[in-house]
Protein chains: 2
Amino acid sequence: MKFDLSKTTRHTRTNSFGWMFQRIAGQFMVEMKKQLAPFDLTIEQFAALMTVMEHDGVTQRQIGEHISMPAYAISRALDHLEKIGFVERVAHPTSRRAVHVVVTPRAKDIAPQIFGVVDRVNDELIGILDDGQTDTLRLLLQSLLRAPKP
Amino acid sequence: MKFDLSKTTRHTRTNSFGWMFQRIAGQFMVEMKKQLAPFDLTIEQFAALMTVMEHDGVTQRQIGEHISMPAYAISRALDHLEKIGFVERVAHPTSRRAVHVVVTPRAKDIAPQIFGVVDRVNDELIGILDDGQTDTLRLLLQSLLRAPKP
DNA sequence: TTCATTAAGTTGCAAATGCAACAATAGCAA
DNA sequence: TTGCTATTGTTGCATTTGCAACTTAATGAA
C-alpha cells in the first residue's frame with residue numbers, strides 16, 4: 001500500500017476544524033473591517049471600545065484580559081479611541097499608575113449604529129442556518145470556548 | 001424603559017457568532033504557530049505548502065485562490081519555502097510567465113510530521129466534544145463555508 | 001504585423017505589528 | 001524608613017504586512 005501524498009493532504013485539510021474555523025472567522029473579519037472603516041475603527045479598536053462600554057471605568061490591563069490582547073496593543077488602540085473622542089483616560093480612584101478608561105457621550109451616541117454593524121455581519125455569517133441549527137451551533141461553540149487549557 | 005449601555009453591549013457580544021469564531025480560530029492559530037516554529041514555517045507558508053502537496057505543479061495564482069491569499073503573499077511564502085528546500089519553482093509546461101510549483105523529496109519526507117501537527121492541534125481544539133457532536137459541528141461549519149456571497 | 005489589454009508574478013515603500021526595554025508606581029519585607 | 005520585586009502602562013526599533021507600481025508575457029483586435 002503506497003503513501004499517496006495528495007490524498008493524505010486532502011484528507012488532513014478537509015478534516016481540519018482549524019481550517020474551517022479560520023476560514024469562517026476570516027469572512028467575519030473582512031466584513032467587520034469593511035463596515036467599521038466609516039467609523040474610523042479597526043476591529044481591535046472596536047473590541048476595546050466594546051469592552052469599555054460594557055465595563056465603564058476598566059483599567060487597560062483588564063481590557064487586555066477581556067479580549068486577549070497584549071498591553072501594548074491596548075495602549076495604542078486607546079490612543080486612537082481617545083484621539084477620535086470615543087473614550088477618555090481619567091485618573092484612577094485608588095491607583096496612580098493604573099488608568100480609568102471611560103466612554104464619552106459621543107461614543108454612546110453612535111453605540112446603536114455599531115451594534116447594528118455587529119448584528120448585520122452576524123446575520124450575513126449565519127443567515128443560512130435555521131433557528132434550530134443556530135442554537136445547536138451556539139451551544140457547540142460555547143463548549144469549545146470553555147475547553148480547559150492543557 | 002432606559003437604554004442600558006452595559007447590558008446592550010454584553011448582549012451584542014455574547015450573541016455574536018463572529019466573536020466566538022474569532023476566539024476559537026485564534027486558539028487554533030496560536031497552537032499551530034507554536035508547533036510549526038520548529039519546522040521554520042509560518043501558518044501561511046504551511047498553508048501554501050499543503051496546497052502544493054495536494055496539487056503538485058499548481059501555479060502561484062492557483063495557490064492563492066485555493067487558500068484565499070493575495071498574490072504578493074504567495075510570492076513571499078514561496079520565496080521562503082524554496083529557501084528552506086520544501087518546494088521548487090520550475091518552468092511551466094505551456095506558459096512562460098506562469099510558474100509550476102512542485103514539492104521536493106525533502107518536503108515529502110517531513111509530510112507525516114506536519115500532518116501530525118495538524119491532527120494534534122485539532123484534537124486539542126475539539127477534543128472535548130463527543131463523536132456525535134463532532135459530526136454535527138462539521139456539518140454546520142461546512143454549510144457555513146458553502147454560504148453564497150451576497 | 002502592431003498596438004492595446006489583460007494576466008502572472010515581483011518588489012519598493014509606508015504603515016502596522018510585536019518584542020523587549022523602559023519609566024513610574026505599588027506592595028511588601030527587613 | 002530602605003531596598004527589592006511585581007505591576008501598569010508606554011515607546012523605540014526591527015520585522016512583517018499590504019498597497020500600488022512595476023516587469024514580463026499572453027491574448028486579441030484592427
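Just so it is clear: chains get the letters A, B, ... in the order the sequence lines come, proteins before strands, and each one is counted from 1.
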Exercise for the section: Look at the side chain of A:Arg97 against the base of C:dT25 and say whether a donor-acceptor pair falls under 3.5 Å; ignore hydrogens and angles. Expected result: yes
Completion exercise
From CD of A:Glu65 across to P of D:dT7 the rounded distance in Å is 11 Å
Handout entry: Rounded distance (Å) that lies between atom C1' of C:dT17 and atom CD1 of B:Ile43
Key = 15 Å
Problem - More than 12 heavy atoms from other groups under 6.0 Å of CD on A:Gln62 - result: yes
Exercise for the section: Please confirm whether the backbone N or O of A:Gly132 pairs with a side-chain atom of A:Thr136, one donor and one acceptor, at under 3.5 Å? Expected result: yes
Handout entry: Distance, rounded to the nearest Å, where A:Asp79 contributes CG and D:dT11 contributes P
Key = 7 Å
Practice task
Can you establish whether the number of heavy atoms outside A:Asp123 located under 6.0 Å from its atom CG is more than 12?
Solution key: yes
Practice task
Please report the closest heavy-atom contact between B:Val103 and B:Asp56, naming both atoms and the distance.
Solution key: N-OD1, 3.0 Å
Handout entry: Presence of donor-acceptor pair under 3.5 Å, side chain of A:Arg76 and base of D:dG12
Key = yes
Practice task
Let me know which of A:Thr94, A:Thr59, A:Val90, A:Val58 forms a side-chain contact (heavy atoms from CB on, under 4.5 Å) with A:His100.
Solution key: A:Val90
Fill in the blank from the handout: Ranking D:dT8, C:dG9, D:dA26 by distance to the side chain of A:Ala98, first place goes to D:dT8
Fill in the blank from the handout: Walking DNA chain D from its 5' end, the first of A:Leu78 and A:Lys33 to be reached, judged by nearest nucleotide, is A:Leu78
Exercise for the section: Determine: side-chain N/O of B:Arg96 to OP1/OP2 of D:dT24, distance under 4.0 Å, yes or no. Expected result: no
Practice task
Report the distance from atom NZ of B:Lys34 to atom P of C:dG18, rounded to the nearest whole Å.
Solution key: 16 Å
Fill in the blank from the handout: Separation of C:dA24 atom P from A:Gln60 atom CD, nearest Å, is 17 Å
Practice task
Return the value, rounded to whole Å, for the distance between atom CZ of A:Arg89 and atom C1' of D:dG9.
Solution key: 9 Å
Exercise for the section: Tell me which nucleotide among D:dC19, C:dG18, C:dG9 gets nearest to the side chain of B:Tyr72. Expected result: D:dC19
Practice task
Round to a whole Å and report the spacing from CE of B:Met29 to P of C:dT17.
Solution key: 13 Å
Problem - Protein-nucleotide distance (B:Gln45, atom CD; D:dT15, atom P), rounded to Å - result: 16 Å
